[in-house]
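What follows is a set of notes on a single structure, which appears directly below.
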Amino acid sequence: MERHVVIGTAGHVDHGKTALVKALTGVDTDRWEEEKRRGITIDLGFAPLDLGPGLKASVVDVPGHEDFVRNMVAGATGVDVALLVVAADEGVMPQTVEHTAILDLLDVRAGAVAITKADLAEPEWLELVSTDVKERLARSPIHWEPPVAVSAVTGAGLDALREALRHAAREARERAADDLFRLPVDRVFSLAGAGTVVTGTTWSGTVAVGQEVTVHPGPLRARVRSVEVHGHAEERAEPGRRTALALVGLDRAAARRGSVVVSDPSWRPTAELDVLVSLLPGARPLTQRSQVRLHLGTADVLARVVPAGERIQPGAQTQAARLRLEEPIVARWGDRAVLRAASPATTIGGCRVVDPFPAPRPRRPGPLADRAGPDPVQRVRAFVAAEGPRGLAVGDLTVRVGLSPREVPGVVEQAAGSGVVRAGDRLVLQAAAEQARARVLDRLAAYHSEHPMLPGLPLEAFRQLIGEPGLATRLLSALTSEGAVVQDGGAIRLSGHRPAIPPEFLGGAAALREELAAAGSEGRSTAELAGRHSGIPAAEIAEFLVREGTAIRMGKDTYYDRAKLESAARSVLREVKKRGEVTPSEVRVSLGLTRKHLIPILEWMDAQGLTVRVGDARRLGPAAREPRWEVLDGLPSQS
Ligand SMILES: Nc1nc2c(ncn2[C@@H]2O[C@H](COP(=O)(O)OP(=O)(O)OP(=O)(O)O)[C@@H](O)[C@H]2O)c(=O)[nH]1
Ligand SMILES: [Mg+2]
């Protein structure tokens with residue numbers, strides 16, 4: 001199968017990068033008038049390069065001038081193979097060092113080195129420069145091929161350089177086609193007939209003509225009208241190559257360098273990242289709220305640093321920090337980024353994204369080592385553990401935890417064997433799930449002992465106790481399905497709980513029953529009951545009497561003795577039967593009640609369906625035909 005890689009130039013200004021790219025590819029990548037006039041590269045240039053059987057490359061040519069390092073970083077982000085260019089006549093210079101550091105920080109794995117302008121140097125001098133370069137690169141983690149002396153003018157060494165690039169390509173990272181599609185945009189333009197075109201290097205995944213994509217920030221929806229790779233129409237965009245997408249529905253002004261085109265909904269912008277930072281030797285330490293410029297993909301944004309410890313020192317050890325970004329960007333677990341000082345603009349280090357969606361509290365990052373690890377199962381476990389009882393959404397495993405979609409089912413299955421349980425669409429640590437369960441059971445037991453007469457904890461109070469609605473629902477359904485908890489109307493209780501009057505209130509309860517019986521059709525409000533019977537929880541006892549069946553509550557807090565209320569209702573029904581319909585004043589006299597006490601009873605009867613209101617009068621309602629309300633003419637009812 002044919003392999004595609006992106007080769008990125010690097011090196012000091014004027015060292016011959018663009019001339020070398022032209023000698024290799026035939027393409028002059030300095031397209032701008034200003035570039036021609038000043039004789040330097042300002043922005044990125046692109047050219048295809050055929051490296052022989054089975055290997056195709058796209059070359060990204062970057063500017064070497066120190067004023068345009070920002071553009072260099074945008075070009076370097078998608079690079080698989082570095083092409084470091086050092087002019088024989090000048091040797092290693094500041095941007096030779098800075099560009100090499102940037103390639104390191106972006107985790108470029110392999111590269112070739114061209115000692116160019118060889119035609120200008122004596123062989124001994126060439127040898128000296130080559131040795132110096134080799135020694136310096138020995139400390140770099142990148143796999144560098146031995147330097148090749150070349151001349152863009154004579155063409156000397158170009159074949160050997162092609163061979164070195166082929167070798168380096170073998171060491172380069174493979175970009176996964178079966179992963180989520182992502183293309184960081186480095187150019188946007190409009191083209192007659194094609195509409196808005198965005199270009200960039202496809203980092204991972206594929207997207208086909210006709211497919212819907214999302215452009216961040218936005219998010220904006222668009223459809224892929226066509227795909228081009230170096231001027232050739234393709235059916236789909238694939239990783240490791242320069243890609244131009246013509247997008248239907250995207251306004252030219254809505255995208256820019258730094259935008260990202262994706263197709264999966266799990267990509268979301270974020271303004272906080274937990275990262276592992278490494279600072280270059282000689283960089284100033286980063287302290288609380290130091291300002292830096294973060295370059296991730298083709299985006300660059302200002303950010304404040306919140307180190308996990310006191311400060312971040314330069315050195316080999318990476319250190320945890322949270323970055324608060326001034327604008328949201330798209331980031332994924334494992335992404336590499338470059339950090340530059342805001343002013344003067346110098347490269348100070350880099351970072352690796354460990355959590356693109358960290359919990360807002362605590363405001364500093366917790367330990368990141370477990371979540372940064374390469375083993376996917378351990379990593380999932382660490383993310384799940386960090387989420388506590390909330391757990392981690394399975395949908396977060398791709399972008400947040402860095403798994404490819406095809407890995408997800410297998411990793412979830414393996415994680416299940418190591419203390420992670422799946423609850424619906426979330427993963428929770430077994431221990432955290434058990435803890436949450438125990439907390440609910442404890443809380444219910446405590447509630448029952450505090451309120452032995454109540455049927456259970458109101459559902460709303462339970463939700464507030466848990467805090468998160470999704471978690472509350474999951475816990476409740478787990479506990480009810482295992483039979484430990486019963487949900488009964490608006491309350492939840494332990495399955496063994498039976499509401500009962502505790503011994504110390506039995507006397508009080510008897511007194512309330514008597515009180516309500518004596519109050520008859522007048523009823524008593526909670527306030528009246530509490531006022532007359534101090535020292536007992538009158539409201540809770542009254543509610544208990546309702547559930548036990550000896551009392552009836554009307555409205556929010558007026559209680560009646562059931563037998564008394566029903567007997568009053570029967571009297572009303574008898575009157576209605578006799579007369580066909582009655583007005584309140586007609587029944588008031590026969591019942592001997594004041595209007596104040598009669599009206600609530602009539603309204604209650606309306607609500608029960610015993611009576612129907614017609615103007616000011618009442619007629620028989622449908623419920624009055626039920627056997628227990630059947631009222632025999634002229635005879636007293638059996639209540
Ligand atoms: N003699 C000789 N001159 C060269 C060679 N390669 C490049 N040059 C000259 O060096 C100058 C700079 O070359 P560029 O290719 O523009 O350098 P660059 O590295 O692309 O410069 P920036 O992009 O601005 O960093 C030009 O005048 C080239 O003609 C070479 O192999 N031999
Ligand atoms: Mg150039």
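These numbers were taken from a predicted model, which means no experiment stands behind them. Counting convention: from 1, in listed order, for ligands and their atoms alike.
For ligand 1 and Thr116, the ligand atoms under 4.0 Å from any heavy atom of the residue are 31 (O). Near Ser151, the atoms of ligand 1 lying under 4.0 angstrom from a non-hydrogen atom of the residue are 31 (O). Numbered from 1 in the order shown, with element, the atoms of ligand 1 that lie under 4.0 Å from a heavy atom of Ile40 read 24 (O). Set against the non-hydrogen atoms of Thr18, the atoms of ligand 1 under 4.0 Å away are 15 (O), 18 (P), 20 (O), 23 (O). For ligand 1 and Val13, the ligand atoms under 4.0 Å from any heavy atom of the residue are 24 (O), 25 (O).
By the 6.0 Å and 45° rule, Arg400 does not stack over the aromatic ring of Phe357. Judged by the 6.0 Å distance and 45° axis criteria, Arg38 is not positioned over the aromatic ring of Trp32.
The protein heavy atom nearest to atom 12 (C) of ligand 1 is Asp14 OD1, 3.2 Å. The shortest contact between atom 18 (P) of ligand 1 and any protein heavy atom is with Lys17 N, 3.4 Å. Protein heavy atom closest to atom 3 (N) of ligand 1, with residue, atom name and distance, is Val153 CG2, 3.9 Å. Among all protein heavy atoms, the one lying closest to atom 31 (O) of ligand 1 is Ala152 N, 2.8 Å. Here the heavy atom of the protein found nearest to atom 1 (N) of ligand 1 is Asp119 OD2, 2.9 Å. Remark: minimum distance from atom 6 (N) of ligand 1 to any protein heavy atom is reached at Ala19 CB, 3.6 Å. Here the protein heavy atom with the shortest distance to atom 5 (C) of ligand 1 is Lys117 CG, 3.5 Å.
Residues Asp375 and Arg379 are not paired through a salt bridge, judged by the lack of any N-O separation under 4.0 Å between the basic side chain and the carboxylate. The pair Arg293-Asp300 counts as a salt bridge, with a side-chain nitrogen and a carboxylate oxygen less than 4.0 angstrom apart. The residues Asp335 and Arg182 are annotated as salt-bridged, a charged nitrogen and a carboxylate oxygen being separated by less than 4.0 angstrom. Using a 4.0 Å cut-off between charged nitrogen and carboxylate oxygen, Asp50 and Arg162 do not count as a salt-bridge pair. Ion pairing between Asp43 and Arg257 holds under the 4.0 Å rule for side-chain N and carboxylate O. Of the charged side-chain nitrogens involved, at least one lies within less than 4.0 Å of a carboxylate oxygen, so that Asp107 and Arg109 count as a salt-bridged pair. One finds a salt bridge joining Glu174 and Arg3 here, because a Lys/Arg side-chain nitrogen approaches an Asp/Glu carboxylate oxygen to under 4.0 Å. Ion pairing between Asp274 and Arg322 holds under the 4.0 Å rule for side-chain N and carboxylate O.
At a cut-off of 2.8 Å, Thr29 does not coordinate the Mg ion (ligand 2) through any N, O or S atom. The Mg ion (ligand 2) lies at 2.8 Å or more from every N, O or S atom belonging to Thr9.
At least one N or O atom of Thr41 sits closer than 3.5 Å to an N or O atom of ligand 1. In terms of polar-atom proximity, defined here as any N/O pair under 3.5 Å, Gly64 does make such a contact with ligand 1. At under 3.5 Å, not a single nitrogen or oxygen of Asp61, backbone or side chain, sits near a nitrogen or oxygen of ligand 1.
Within the 4.0 Å heavy-atom criterion, the part of Leu120 lying near ligand 1 is the side chain and not the backbone.
The protein does not reach atom 28 (C) of ligand 1 closely, with no heavy atom under 4.0 angstrom from it.
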Should Thr318 and Ser278 be marked as a side-chain hydrogen bond (donor to acceptor under 3.5 Å, both in side chains) after you check the CA-CA gap, both sets of side-chain angles, and the distance that decides it? CA-CA 5 Å; Thr318 60; Ser278 55; over 6 Å; no

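Look at Gly11 and you'll find every heavy atom at least 4.0 Å from all atoms of ligand 1.
For the pair Leu392/Phe383, a side-chain contact is recorded, criterion being any heavy-atom separation below 4.5 Å from C-beta on.
Atom-to-atom distance recorded for Ile40:CD1 and Phe68:CZ is 5.0 Å, nearest 0.5 angstrom.
Atom 14 (P) of ligand 1 has its nearest heavy-atom neighbour, among Ala87, Ala114, Gly16, Gly39, in Gly16.
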